[in-house]
Every structure is written in structure tokens, then in C-alpha cells.
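Note that the structure is predicted; figures quoted are calculated from it, not measured. The figures that follow rest on heavy atoms only: side chains count, while hydrogens, waters and symmetry mates do not.
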Amino acid sequence: MKTLLFGNVTQPPYQNNLLPAALAFERCGPLKLVEPRFIEGFVATGAARPALVPPAAVEEAAAGFQPDAVVCLAGGLYLSSASRRHFPDGTVFVGLALSDPLGLDASFEIAPEFDLYYTQDPQTLPFYAARGIEARRCDPATDPELYRPLDLPAEDDVLFLGKWTPHRDELVRRLSQRFRVAVHAHAGDSRWTIPARPPLSSPVELCAGVNRARLMLEFTVLDDAEGPFRGTSRMTNRPQFAAACGVPTLIDPFEHISDFFEPGLEIEVYRSAEELAEAAGALLADEDRRREMGRRARARVLRDQTWDHRVSMLGRDVRELRARKQSSGSTPA
């Protein structure tokens, strides 16, 4: 598949999530990458609002390059209808939303501009459908070469990566009373009860940081979300980062967890602060079980949770859409 990809894939710390996707597209076929953040006039929104790729830059990118698919990767990116006319008939326009449900309002606005639109959050699919939008699943994934076991000496018992919320801070505080807990927070966030470390802003930093921990901590509950998703849960790719490094994750359970990892074998669940401390203590005291869980988790990622899997799926969808359009005598929008 020949792909023109719009995405800010080298921007820290988002490159941890986006670079693996770009590398998978590159392995899939010829790739032309355009990072909108370097384009004059581009206004980044962090997926909070639609972010138009400046038309002049799209026209320049289309010159001399005839892709099978034009992909907008995260950040609320989209192309105008006028920009899309710069590409040959049969080009398939693909959008990937990686911030749902937190970026869902922006996704609703831009999804109709694409032939294929994907979300990483399965719980949002009925909300798309209610608006007449045919969104598809593109589950969280990672790159098991960028993130891999390094055999580094462990320095921390438990590692958490992410933003502050009162719920997260309370559980981290209680866990830190028994174990050595490392929090790598968003830059400049001083609200954590325990001293927070700087973000791990590149795959090299993130891979080393995860490898220096015995366990990863993850929170799926959206305790700070607005609207109907407050109190619901979603999967990020942080457990995949850890699993790819052979490090087990402690996670609060949710409806779709078995789509990703088998509780008790590939991931460890907790339902309260007390269960979290008990689960962490048990795994830290049982080196063989902890290492086996990490091994199984990495094997699960290798089996079905890499970006190569996701891009292969997307490529099949693109080919099927192109064939369907050609057989009907029309072309994608």
C-alpha cells in the first residue's frame, strides 16, 4: 500500500504513540510523511477540536505522489474537500482517532470527511452509529522492537505514566507507602502527592524507563471525563508498552479487557486500593510468576497487538473499498 501520512509523529511525547504507527505504514509500502506542526499556518488542537491541514501543504504533498491511501493520524487532523480533489480517483482517505472518547466531539466533526474512519475506543462505536457514522475499531497497539526487554536492573517496584487525577493520586499515594513507586507525569504538573519525575518523551526513554520497573500501573477509569463517559473505562496503549518490554501491568478491570490480555495470566487486575496493594505485593514477592506474566504479555502483543497487525487490517479495508468502488463504477469521495 502506497501511503501519504499526515501526522506529528516525531513530536514529544506523542511520538511514543505515533512513531510505531508510522513505521508500520513504512513497512507496508512506499510512505510519504508530512508533519503538520512544521507547516506555516497549522494550528494544533491536541484532538480537542478539528485541526485542518493547510491546503497549500496538501497540494504540495500530492504533487508527484499518487497514493493508494491518504491517512490522517490522530490530533484531530483532517483535509478539506478542496484538498482531497488534488488526489487521483480511487484514493482512499483514512482517519485514525487515538484520543476517543476524550476527543470524540472533534471526531464527530471530521469523520464524515473520510472514506474510512477508525477509533481506538470500542465503547464509542454506538455513539458514532447514532450520528450515522460508520466508524471501525483500530485497537491500541505498539511496536515490539521499539519497546522490548533490555535486561536492565530494576530500580522501581511500580511505574505509572500519565496525567494527574484525584483518584490516581490517592491510589499512587497509598501504594507508595509500601513500595517504591515512580510517577512520570506531564511536564510541569506538580499536583502529585509523591515527587513526580519528568515525562519519558521518546521511545528510547520510555523503553528504558519501563525496563527499570518491575510492574506497570494503569488506570482505565475516566474519572475526570465530561459527559456520558465520566466513570467509564478505556484501554490506552500503556499496557502494550509494558507488555512489549516483558513487564506485567496492574490494571482496573473493564468490559473489553479480555480483548487485550487474559487477567491473571497476562495482566493483573485490581478493584480497590486494598486489592491493588495485595496484587502488587504478591507479584513482587513471586519473581517467577512476575516474569512469566511478563513473558506471556509480550507473547500476546506479538500475536495480535502490534501496529503491523493494525496497518495490515487497514490495508485490507483500503483494498476492499477500492475494489468495491471500481466494480460499481464510482470512486471514493
Side-chain angles (χ1 to χ4, degrees), residues 1-11 14-37 53 57-58 60-75 77-79 83-84 86-99 110-111 113-120 134-148 202-203 207 237 240-241 243-244 259-260 298-326 331-333:
M1 183 172 65
K2 189 175 182 181
T3 306
L4 172 59
L5 178 65
F6 292 96
N8 293 316
V9 303
T10 65
Q11 183 176 7
Y14 307 113
Q15 61 179 292
N16 290 330
N17 302 322
L18 304 185
L19 186 58
L23 293 174
F25 277 106
E26 187 174 45
R27 287 190 290 269
C28 189
L31 174 70
K32 185 173 185 177
L33 172 64
V34 177
E35 295 202 54
R37 68 193 181 107
V53 179
V58 177
E60 180 180 349
F65 190 78
Q66 298 185 353
D68 301 313
V70 176
V71 179
C72 288
L73 178 63
L77 300 176
Y78 76 102
L79 309 185
S83 290
R84 296 198 299 274
H86 291 298
F87 297 93
D89 291 344
T91 304
V92 177
F93 296 91
V94 180
L96 287 166
L98 307 187
S99 298
I110 66 175
E113 306 298 326
F114 295 93
D115 299 306
L116 297 170
Y117 198 77
Y118 299 85
T119 178
Q120 280 198 315
E134 185 186 352
R136 306 179 182 212
R137 282 180 66 162
C138 182
D139 291 343
T142 191
D143 185 321
E145 295 303 317
L146 283 179
Y147 305 102
R148 64 194 187 279
S202 71
C207 182
N237 55 6
Q240 279 89 355
F241 290 150
D259 292 355
F260 303 98
R298 178 171 168 83
R300 180 67 180 268
V301 165
L302 290 171
R303 187 167 71 244
D304 56 24
Q305 297 181 53
T306 71
W307 267 107
D308 286 330
H309 290 110
R310 304 295 179 256
V311 172
S312 178
M313 172 199 70
L314 189 150
R316 290 194 297 271
D317 291 348
V318 168
R319 289 192 295 273
E320 289 173 5
L321 179 58
R322 287 168 63 88
R324 189 164 68 248
K325 294 290 187 179
Q326 289 167 0
T331 57

Run the salt bridge (charged side-chain N to carboxylate O under 4.0 Å, His left out) test against R316 and tell me which residues pass, sequence neighbours left out. none
With sequence neighbours left out, the residues meeting side-chain contact (heavy atoms from CB on, under 4.5 Å) with P203 are Q15, N16, L19, L146, Y147
Side-chain donor or acceptor of R310 paired with backbone N/O of P140 under 3.5 Å: yes
So does S83 get a backbone contact from the side chain of H86, meaning a donor-acceptor N/O pair under 3.5 Å?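 Here the side-chain-to-backbone pair does not exist.
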Within the supplied structure, the quantity of interest is the number of heavy atoms (other residues, nucleotides, ligands) at a distance under 6.0 Å from F87 CZ; does it exceed 12?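 More than 12 heavy atoms, drawn from other residues, nucleotides or ligands, come within 6.0 Å of this atom.
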Would you name the heavy atoms of P67 and L4 that are closest together and state the gap between them? CB-N, 3.8 Å
Which atom of G7 lies closest to which atom of P36, heavy atoms considered: N-CD, 3.7 Å
State, yes or no, whether a side-chain contact exists between [X] and [Y] at a heavy-atom distance under 4.5 Å.
| X | Y | result |
| --- | --- | --- |
| V311 | F25 | yes |
| E113 | F93 | no |
| L23 | W307 | no |
| L18 | L98 | yes |
| E35 | V9 | yes |
| R298 | R148 | yes |
| L96 | L314 | yes |

Under 3.5 Å, is there a donor-acceptor pair linking the side chains of H309 and T306? yes
Flag for R84-T91: side-chain donor and acceptor within less than 3.5 Å: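 Side-chain D/A pair, T91 to R84: absent.
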For the [atom1] atom of [X] and the [atom2] atom of [Y], what is their distance to the nearest 0.5 Å?
| X | Y | atom1 | atom2 | value |
| --- | --- | --- | --- | --- |
| C72 | L79 | SG | CG | 4.0 Å |
| D304 | M313 | CG | CE | 12.5 Å |
| R37 | T10 | CZ | OG1 | 4.0 Å |
| T119 | R137 | OG1 | CZ | 9.5 Å |
| Q11 | N17 | CD | CG | 11.5 Å |
| Y78 | F114 | OH | CZ | 9.5 Å |

How would you list, by chain and number, every residue that makes a ring pair (Phe, Tyr, Trp, His ring centres under 6.0 Å) with F6, sequence neighbours excluded? none
